[in-house]
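Notes follow the structure.
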Amino acid sequence: MRKRSDKMITVLAGGTGSVKIVRGLASQRSDVHVISNVGDNYWLYGLYICPDIDIIIYGLSDLLDQDKGWGLKKDTFGFLRQMEIFGEETWFRIGDRDTATHLTRTNMLKNGKSLSDITKWMCEKFAIETKIIPVSDHSIETRLITDKGEMHLQEYWVKYRGKDTVKGIEYMGSDKARPNPEALNSIHDASLVVIAPGNPLTSIGPMIQLKGVRKELIKNKRKVVAVSPIVGDKALSGPAGKYMEAAGLEVSAYGIAKLYADICSHIVIDTKDRMQTKKIEALGMHVHETSIKMTNKKSEDALASYLLNHIH
Ligand code: FO1
């Protein structure tokens with residue numbers, strides 16, 4: 001029989017809020033599987049853009065623009081400038097080299113390849129050992145219902161700069177989308193399943209909304225750990241707090257625990273939130289307190305080691 005430590009580590013991840021823990025785990029283990037959100041994927045100029053998959057690929061190959069949290073470092077924007085001259089909207093800033101990723105992916109899709117196969121091929125091209133598995137090869141689109149109407153997540157957050165009031169969130173297509181069998185196997189076979197500290201509603205939400213994924217997580221709940229993306233009443237990055245409020249959730253580690261209580265049995269919260277531990281334990285979860293802010297490689301590795309050594 002294989003020892004628990006011989007089995008792989010699986011991470012459910014979005015993009016900007018998740019890449020740091022994925023990088024920390026991958027720097028210590030060669031057998032990390034990342035199940036990636038696809039709800040952020042966006043069609044632009046006929047190109048299929050998969051921000052969460054690309055952020056993880058670029059992050060693991062040390063090519064990610066760390067300041068922005070997306071795109072390739074030192075990329076240029078000549079293509080976008082030309083689109084502007086042609087009178088196109090250019091609010092979504094895809095760089096020149098980044099565009100090669102989107103163009104190649106789109107051509108491969110048009111030639112009948114699945115998003116999973118394309119992602120596998122991309123990982124090989126970027127020499128990444130970590131396996132990245134799109135949660136589904138079918139379309140799931142995260143749409144925000146705002147006081148200005150309903151729109152794609154990228155339009156809400158990037159085009160309109162997240163200004164409008166959010167009334168609700170929808171995962172269009174999630175009722176028909178089939179989970180990727182490889183994603184389900186990666187949950188089943190792992191020794192530890194980590195829910196990354198990504199946005200719970202837009203990065204993790206579209207994945208755990210899929211019936212098959214939720215069912216597999218519930219079955220394997222004893223080995224599933226979530227890392228809180230909230231410290232105090234603020235998100236570590238991005239609009240998670242705003243979306244949680246819109247969904248009627250308390251913006252706190254407790255709010256995160258409540259949201260994930262049926263799919264995981266462990267949660268890692270920041271030591272600053274230790275006064276919430278008892279309340280979270282009452283939900284039936286094991287609470288682990290440590291520093292969850294990842295500001296450099298040392299803190300990414302430290303949190304990854306904590307997960308690998310403390311969650312049993
Ligand atoms: N985020 C922005 O805030 N502005 C952009 O212009 C932008 C462009 C972009 C291009 C490619 C890509 O893969 C991601 C990009 N993002 C941009 C990030 C993206 O909107 C989100 O942060 C992710 O979807 C969340 O994980």
Side-chain angles (χ1 to χ4, degrees), residues 11-23 34-61 63-81 83-84 88-106 115 118-119 122-123 126 132 134-135 139-144 151-164 166 169 171-172 195-207 227 229 235-244 294:
V11 191
L12 269 74
T16 45
S18 305
V19 64
K20 295 174 181 181
I21 195 61
V22 170
R23 218 162 29 199
V34 174
I35 302 176
S36 174
N37 176 40
V38 296
D40 288 21
N41 295 3
Y42 191 60
W43 283 96
L44 181 72
Y45 316 132
L47 302 173
Y48 194 51
I49 302 172
C50 301
D52 287 358
I53 292 175
D54 294 346
I55 289 167
I56 301 291
I57 292 182
Y58 297 162
L60 288 174
S61 48
L63 292 169
L64 184 69
D65 183 325
Q66 299 280 8
D67 297 329
K68 294 207 292 273
W70 45 267
L72 286 156
K73 55 183 164 193
K74 295 191 182 142
D75 211 347
T76 50
F77 291 86
F79 166 76
L80 212 64
R81 173 77 193 112
M83 292 306 270
E84 195 177 20
E88 294 286 340
E89 288 190 58
T90 54
W91 51 268
F92 201 71
R93 315 258 326 135
I94 48 173
D96 296 334
R97 289 182 64 196
D98 192 24
T99 298
T101 301
H102 313 316
L103 185 62
T104 303
R105 173 186 294 123
T106 309
L115 187 59
I118 299 165
T119 306
M122 289 268 174
C123 287
F126 283 88
I132 303 177
V135 70
S139 166
I140 305 168
E141 203 174 291
T142 302
R143 302 195 59 91
L144 299 189
M151 60 190 87
H152 191 285
L153 163 80
Q154 302 297 357
E155 286 157 8
Y156 173 78
W157 181 242
V158 183
K159 185 174 183 180
Y160 298 114
R161 299 178 187 278
K163 279 197 299 258
D164 306 321
V166 180
I169 298 174
Y171 309 117
M172 206 172 87
I195 299 182
N199 189 313
L201 292 163
T202 56
S203 294
I204 308 298
M207 296 193 276
V227 180
L236 288 168
S237 67
K242 188 169 177 159
Y243 298 160
M244 284 178 79
M294 292 173 281

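Atoms within a ligand are numbered from 1 in the order they appear, just like the ligands themselves.
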Legend entry - Salt bridge present between Arg105 and Asp54 (N-O < 4.0 angstrom): yes

Inset, instruction - Between Tyr42, Tyr58, Trp70, Tyr156, flag the one that comes closest to atom 7 (C) of ligand 1 by a heavy atom. - result: Trp70

Inset, instruction - Identify, for atom 19 (C) of ligand 1, the protein heavy atom at the shortest distance, and state residue, atom and that distance. - result: Gln154 OE1, 3.6 Å

Inset, instruction - State the atoms of ligand 1, each with its element, that fall below the 4.0 Å cut-off from a heavy-atom position in Trp91. - result: 6 (O)

Legend entry - Tyr156 side chain to Asp164 side chain, donor-acceptor N/O pair below 3.5 angstrom: no

Inset, instruction - Could you check Thr99, Thr90, Ile49 and say which one makes a side chain to side chain contact (heavy atoms under 4.5 Å, CB included) with Leu44? - result: Ile49

Legend entry - Atoms in ligand 1 with a heavy atom of Gly15 nearer than 4.0 Å: 26 (O)

Inset, instruction - May I ask you to check whether Phe126 and Tyr58 place their ring centres under 6.0 Å from each other? - result: yes

Legend entry - N or O contact, Arg93 vs ligand 1, cut-off under 3.5 Å: yes

Inset, instruction - Consider every N or O of Asp40 and every N or O of ligand 1, then say whether any pair is closer than 3.5 Å. - result: yes

Legend entry - Under-4.0 Å heavy-atom contact with ligand 1, by part of Lys68 that carries it: neither

Inset, instruction - Identify, for atom 12 (C) of ligand 1, the protein heavy atom at the shortest distance, and state residue, atom and that distance. - result: Pro51 CB, 4.0 Å

Inset, instruction - Using a 4.5 Å cut-off on heavy atoms from C-beta on, say whether the side chain of His152 contacts that of Thr142. - result: no

Inset, instruction - Indicate, as side chain, backbone, both or neither, the part of Asp52 found under 4.0 angstrom from ligand 1 when only non-hydrogen atoms are considered. - result: side chain

Inset, instruction - Check ligand 1 against Val158 and write out every atom of the ligand that is under 4.0 Å from a heavy-atom position of the residue. - result: 1 (N), 2 (C), 3 (O), 4 (N), 5 (C), 6 (O), 20 (O)

Legend entry - Residue Arg97 excluded, over 12 heavy atoms near CZ under 6.0 Å: no

Legend entry - Minimum-distance protein heavy atom relative to atom 10 (C) of ligand 1: Phe92 CE2, 3.3 Å

Inset, instruction - May I ask you to check if ligand 1 and Ser203 share an N or O to N or O distance below 3.5 Å? - result: no

Inset, instruction - Say whether Glu155 and Tyr42, considering side chains only, have a donor N or O and an acceptor N or O under 3.5 Å apart. - result: yes

Legend entry - Any donor-acceptor N/O pair, Asp98 side chain to Gly71 backbone, under 3.5 Å: no

Inset, instruction - Identify, for atom 22 (O) of ligand 1, the protein heavy atom at the shortest distance, and state residue, atom and that distance. - result: Thr16 CG2, 4.1 Å

Inset, instruction - Mind telling me whether Tyr243 and Trp157 have parallel, tilted or perpendicular rings, with 30° and 60° as the class edges? - result: perpendicular

Legend entry - Per-atom contacts of ligand 1 with Asp98, taking only distances under 4.0 Å to non-hydrogen atoms: 11 (C)

